Structures are given as structure tokens and as C-alpha cells.
**Q** 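For reference, the structure I am asking about is given below.
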Amino acid sequence: MLKYATLFAAACATAASCSLLMRSPEPKEPGTASKSPAPALAPGNTAGRLLQGNVSMTQLFNETCAKCHGQGGEGGGAGTKTLNTRELFDQKHDRRFFDAIKNGVPDMGMDGYGQTMSDATVWGLVVHIRELQARALRAEFGGPKPVNGIYQSRHHRYRVTTVADQGLKTPWSIDWLPDGRALVTNRSGTLSVLDQGRIVSEVQGLPASREIGQGGLMEVAVHPNAGKNGWVYLSLTDPSKTDPRAGMTKIVRGKLRFSGDQATWTDEQTIFQVDPRFYNGSGVHFGGKIAFDGKGFLFFSIGERGSGELAQDLSRPNGKIYRIRDDGSIPADNPFASDKGNLAAIWSFGHRNPQGLSFDLDGNLWDTEHGPRGGDELNRIQRGANYGWPLVAFSINYNDAPMSTPWPKPEQKITLPALRWLPSIAASGLDVARGAAFPKWKGDLLAGGLAGSVVQRLRMKGDQVLEQEELIHGMGRVRDVATAPDGSVYVLLNGPDKIVRISPAD
């Protein structure tokens, strides 16, 4: 096994070693790579802390790689080039970066880290580099900027205007009634009626919900056939009857009785509710997204509530996407319905916190979900599939420590994402472009991000990303993205709490 002193010297002390991320490793005859001398390292340095398991990714990069690559990835040391280019930022280079760090670049005189670092630590360095790249590219290129109030995308010109900025408190979700009015949930527990660009009332008689951290009143989803049946669906954090601090995601439906602008919630039915023993006081990862397939089935998500290991347990509700009929009954052909002990409504598992859920125009179901630090995902949801959390992940821990690697072992049947966001955008809100407003975006996915303060347009072909561009950046934390009946795009922001609209400029 290589000594850490040799590793440090070979990795970063020479100009040759600093090519590790700029060039793919190439095979060479053994013994031909030059070696740098191995200086002694004093106790308490990075090597010692790494052996003890208490070195952060920032420390590791700064003390072993920044001498050549720069602390910001800008390069310059020993003649190295910058890592911070759009081309190198592409996810197609993930494995290349990982392999170069782990295996080295023998013909450039660099030994690999693989014998002295775990794969998780090697991947942690890749995540750190991705964070450096994102920071530098944002500083260099910024985000979408209007000229005389007009933005220019690859296919359309558009404006962004404020629809509502009063009467909202952490707005979470928006959907439209057949008569053109919109309903907006506020996480605090109110359901607002939006008409002609203003909040005209709050719906009375709603079911009780509890705002626990990220939970509260979450999704509102109008049934595709609401013009005939009148059903409106809500996801909410249902308060425990025995523990004032606990709750769990629940799905209900009801109807609205209007008198002028005033509306009352009526005819409530519980569509899905887990056993009370699964309620807990965790304030994270409630999921709560709802999507209809237009064939009588309803899909929804529940996050793993901060207990990642439960996402792999089919007897527990955490970390799953579910499929039920729109009346709450469970289809007999669900993938785990016949397995004793498993929850029959489960459609897929291994999810962390799905905060976007939508069908595209070809009938594919997509979700966006949060990783921890790095590794947010766009997944095409398939029957019975395992999406890997927490066995594999494109992320590191919030405390800057390594966590896992993104690639499953051969024996693990895990479905990888079509797109991962590194660093995290805190993916939240997902819809598909349709309608008359933006015909050249038809069928594209529209994905939001809370921490990223971003709305992105994604053009997919199967699991391949054909186009990816930002439409909005820096206006606030994007909680929901929803396509209105006319094809314009509504964006719900938190901090500030407001609703904005993306509409054609032509």
C-alpha cells in the first residue's frame, strides 16, 4: 500500500500530477511513470486526519490538490489549466474525474489514491470539485438576464411578471379549477383562491394539518375530470392523535362549494393514510407530491422522513412513490401487492425526498428529489424499481464528510437517475410544458430548485438529456413550477413569498 507521504507528493507536488482531472487515464507499460520524491509528513496533517476519518473534503482538497489546482479550481499552479469550464462541468465526466483520482495518471507521473482512500472519499473530492466549478461558472456567466424586460431562451422569448405577492405564507403548490380560478396551498395550513391575479379568499373547513419543519399543507391537485366529478386532492402532514409533535403524510380529497369568491371544503374522503405507528416527529422529507396518469390512477410520494435506511424497507412507508386508484383503492397489479408484509400501494422505492412528480406527454412518470449535499436527481419512475437511497448517492454529507459512491455494485439492482444536480439545487416542483404559449418547448420538463433559486427547462429523449437551460435564477427559492391551462408557467417562490408567471414576449 502506498504511504500517504508518497500519495501527497505524487498527487500534487509536481506539474505532472496536476493533470489528473484534465486528462483521462491512459494505460502504459509498468515502471515507466516517473515518481516524485516522498517528503515526510508531520503528525496531525491531512494524512493523519484521513486515517482517523475526521478530515473534510474541503481540507483534503485544499491541502493535497489546491497547490496546483487552486483552492477555487482556477488552476495556475505549475502551469495547470482551470477545471472551471462548462465542458468539464458536464455530468458525463463524473466517472472520468473519479477514475483519475482513484487510479492516477501513470504516464504523467501520478499515483492513484485508490489504495489509501476509500471510494467514498475519492467521490467526495469529485463533489467538492463540482461545487468549485459551479461557483466559478456562476460568477463568470451569471444567470438569465432580461433586456428591456425580455428574456431569450434557446427557442422562445419570454417575460417574467409578478402575479401575487400578498396574502401568501410559504406557498407550496398551485393548480387550476375548470372555471379558470387557481388554488394555492400555504404550508401553514390555508388554501388560497387566486382569481384574475389576486388572492380573493381562503377556503374554509379544511382538514387539520400540522406544520412540522418541512411538513404542513402541501400539494393541491385538481382531478383531470373535475369538471364532472368536482374532486380536489390535498396532501398534508396529518397530526398524530397521541403525540403533539408528530405527524405523517396523508392524502385526502374533497369538493369546493362556492358562494361568490368564498369557498367551503366539503365531502372529504381519506384516500391514503399510513398506520399511526409510523407517525414521527421528524421535520424533514414528507414528499407530498401528486400526479394523475389520466387513466384513473393517482401517484404520490412520501419522503424517508430522515431515516434513510427505511427507504429500502418495503414494509415501511418511508421513501416511496405510490400508485393507487383515484378513489384510494389499491390495484392488485401493483408490483408488491401480493407480497405478504409489504405495503401494497408501493410503486417504487429507494427515494429520499421526491419534491417533483409529473407525467410527460408520452406517459412517462418523472420525479425530482433531494440528495443531501449534492446529488439531487431526476428519475424516470418505473414499476417496482429501486432508486438506491441510501445505498448509492451522488452526494456527500452536510458536514463535508464523504458518504457513498453513485454507482451500484453488480449485485445491486438499482436504477440510476437520468440527471443528477451537483451541487444540489434542492429540486422542488416539476411539470411539463404544454399548451399554446410555448409551442417549441412542448413536452419539455420544467424543474425548480429551492436552494438553487432556479427554474430549468429539460428536453429528454429516454434517459438522455438533450437540452438543459435556465429560465429563471435568483428571484427566490422555487417551491413549485406549474403549467397553466394556457401554457404559461407559474412559479411559486418562498423568501419572498410570491407567485410569478413566465409568459411569451412575442
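Small disclaimer: the values here were computed from a predicted structure and weren't measured.
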**Q** Closer than 3.5 angstrom, by distance alone: can the side chain of Q412 be matched with the main-chain N or O of K409 as a donor-acceptor pair?
**A** yes
**Q** Could you check whether any side-chain N or O of Q273 sits under 3.5 Å from a backbone N or O of K250, counting only pairs where one atom can act as donor and the other as acceptor?
**A** no
**Q** Would you call R277-D275 a salt bridge at under 4.0 Å N-O?
**A** yes
**Q** Look at the side chain of E467 and the backbone N and O of V465, then say whether any donor-acceptor pair between them is shorter than 3.5 Å.
**A** no
**Q** Quick one: closest heavy-atom pair of N229 and K255, and the distance?
**A** O-CE, 3.0 Å
**Q** Thinking salt bridges, do R159 and D506 make one under a 4.0 Å N-O criterion?
**A** no
**Q** Is D94 salt-bridged to R420, going by a charged N under 4.0 Å from an acidic O?
**A** yes
**Q** Any chance you could lay out the side chain to side chain contact (heavy atoms under 4.5 Å, CB included) test for V500 and L493, step after step, and finish with the verdict?
**A** CA-CA 8 Å; V500 300; L493 302 176; 4.1 Å; yes
**Q** Would you give the length of the straight line joining atom CD1 of I499 to atom OG1 of T161, rounded to the nearest 0.5 angstrom?
**A** 11.5 Å
**Q** Indicate whether any N or O donor in one side chain lies under 3.5 Å from an N or O acceptor in the other, for E377 and H370.
**A** no
**Q** Do L256 and T264 have side-chain heavy atoms sitting under 4.5 Å apart?
**A** no
**Q** Looking at Y279, does the NZ or CZ of R305 lie under 6.0 angstrom from its six-membered ring centre and within 45 degrees of the ring axis?
**A** no
**Q** Run the numbers on Q456 and E469 for side chain to side chain contact (heavy atoms under 4.5 Å, CB included), then give the verdict.
**A** CA-CA 6 Å; Q456 294 185 2; E469 70 172 347; over 6 Å; no
**Q** Check step by step if ring pair (Phe, Tyr, Trp, His ring centres under 6.0 Å) holds for F349 and Y387.
**A** CA-CA 6 Å; F349 65 106; Y387 290 86; 8.4 Å; no
**Q** Can you name the closest pair of heavy atoms from T405 and A120 and give their distance?
**A** CG2-N, 3.8 Å
**Q** Does anything in residues 165-174 form a side chain to side chain donor-acceptor pair (under 3.5 Å)? List the pairs, not counting sequence neighbours.
**A** S173-E219
**Q** Counting C-beta onward and ignoring hydrogens, is there a side-chain heavy-atom pair between S348 and Q382 closer than 4.5 Å?
**A** no
**Q** State, yes or no, whether a side-chain contact exists between V489 and L446 at a heavy-atom distance under 4.5 Å.
**A** yes
**Q** More than 12 heavy atoms of other residues, nucleotides or ligands under 6.0 Å from CZ of R86: yes or no?
**A** no
**Q** If you take all heavy atoms of W389 and G308, which pair is closest and at what distance?
**A** NE1-CA, 3.5 Å
**Q** Which atoms form the tightest heavy-atom contact between G388 and I414, and what is the distance?
**A** CA-CG2, 3.7 Å
**Q** For G306, is there any backbone N or O sitting under 3.5 Å from a side-chain donor or acceptor partner on E304?
**A** yes
**Q** Quick one: CG on L125 to CZ on F97, what's the gap to the nearest 0.5 Å?
**A** 12.0 Å
**Q** A side-chain contact here means heavy atoms from C-beta on lying under 4.5 Å apart; do L217 and R187 qualify?
**A** no
**Q** Stepwise, does the side chain to side chain contact (heavy atoms under 4.5 Å, CB included) test hold for Q269 with W231?
**A** CA-CA 10 Å; Q269 298 177 2; W231 289 118; 3.4 Å; yes
**Q** Give the minimum heavy-atom separation between S424 and G375, together with the two atoms involved.
**A** OG-N, 4.1 Å
**Q** If I take atom OG from residue S188 and atom CG from residue D497, how far apart are they, to the nearest 0.5 angstrom?
**A** 9.0 Å
**Q** Can a donor-acceptor pair be found, under 3.5 Å and without considering hydrogens, that links the side chain of D261 to the backbone of V200?
**A** no
**Q** Under a plain distance cut-off of 3.5 Å, with no hydrogens placed, do Y233 and R253 share a side-chain donor-acceptor pair?
**A** yes
**Q** Are there over 12 heavy-atom neighbours, none belonging to R210, within less than 6.0 Å of that residue's CZ?
**A** yes
**Q** Less than 4.5 Å apart, side chain to side chain, heavy atoms only: is that true for V220 and V232?
**A** yes
**Q** Step by step, work out the salt bridge (Lys or Arg N to Asp or Glu O under 4.0 Å) result for E470 and R457.
**A** CA-CA 6 Å; E470 290 184 348; R457 180 185 65 84; over 6 Å; no
**Q** Roughly how far apart are Q312 CD and H351 NE2, rounded to 0.5 Å?
**A** 10.0 Å
**Q** One thing to verify: whether D293 and K295 come together as a salt bridge, which I'm taking to mean a side-chain N less than 4.0 angstrom from a carboxylate O.
**A** no
**Q** For atom CZ of R138, is the number of surrounding heavy atoms from other residues, nucleotides or ligands below 6.0 Å larger than 12?
**A** yes
**Q** Is there a side-chain contact between V127 and W123 (heavy atoms, below 4.5 Å)?
**A** yes
**Q** Surrounding CD of Q196 (heavy atoms of other residues, nucleotides or ligands, distance under 6.0 Å), is the total greater than 12?
**A** no
**Q** Between W347 and K320, is there a cation-pi geometry (under 6.0 Å to ring centre, at most 45° from the normal)?
**A** no
**Q** So, for F272 and Y322, is the gap between ring centers shorter than 6.0 Å?
**A** yes
**Q** Begin from the C-alpha positions of E87 and K92 and carry the test salt bridge (Lys or Arg N to Asp or Glu O under 4.0 Å) through to its verdict.
**A** CA-CA 9 Å; E87 199 280 330; K92 69 183 179 183; 3.7 Å; yes
**Q** Could you walk me through whether R501 and S488 pass the side chain to side chain donor-acceptor pair (under 3.5 Å) test, one step at a time?
**A** CA-CA 7 Å; R501 178 176 180 254; S488 60; 3.1 Å; yes
**Q** Keeping S209 on the side-chain end and T237 on the backbone end, is there a donor-acceptor pair under 3.5 Å?
**A** no
**Q** Is NZ or CZ of R323 both nearer than 6.0 Å to the six-membered ring centre of F300 and within 45° of the ring axis?
**A** no
**Q** What's the spacing between N318 CG and D313 CG if we round to 0.5 Å?
**A** 8.5 Å
**Q** If every non-hydrogen atom of G189 is compared with every non-hydrogen atom of L206, which pair is closest and at what distance?
**A** O-CD1, 3.6 Å
**Q** With rounding to the nearest 0.5 angstrom, report the CZ to CG distance, R130 to L422.
**A** 7.0 Å
**Q** Quick one, V193 and I199 - any side-chain contact, counting heavy atoms below 4.5 Å?
**A** no
**Q** For ring pair (Phe, Tyr, Trp, His ring centres under 6.0 Å), just list the numbers for F292 and F359, CA-CA rounded to whole Å, side-chain angles, deciding distance to a tenth of an Å, and then say yes or no.
**A** CA-CA 8 Å; F292 296 96; F359 281 92; 9.4 Å; no
**Q** Kindly write out the residues that satisfy ring pair (Phe, Tyr, Trp, His ring centres under 6.0 Å) with F438, not counting sequence neighbours, or none if the list is empty.
**A** H156, W441
**Q** Is a donor on one side and an acceptor on the other found under 3.5 Å between the side chain of N280 and the backbone of S282?
**A** yes
**Q** Going through the distances and angles, do H223 and D326 end up as a side chain to side chain contact (heavy atoms under 4.5 Å, CB included)?
**A** CA-CA 9 Å; H223 192 283; D326 57 13; 2.8 Å; yes
**Q** Do S192 and N186 have side-chain N/O donor and acceptor atoms under 3.5 Å apart?
**A** yes
**Q** Cation-pi check, R95 to W407: give yes when NZ or CZ is under 6.0 Å from the six-membered ring centre and within 45° of the ring axis, no otherwise.
**A** yes
**Q** Near R245 CZ, under 6.0 Å, is it more than 12 heavy atoms from other residues, nucleotides or ligands?
**A** no
**Q** Is there side-chain contact between F394 and P417, with heavy atoms separated by less than 4.5 Å?
**A** yes
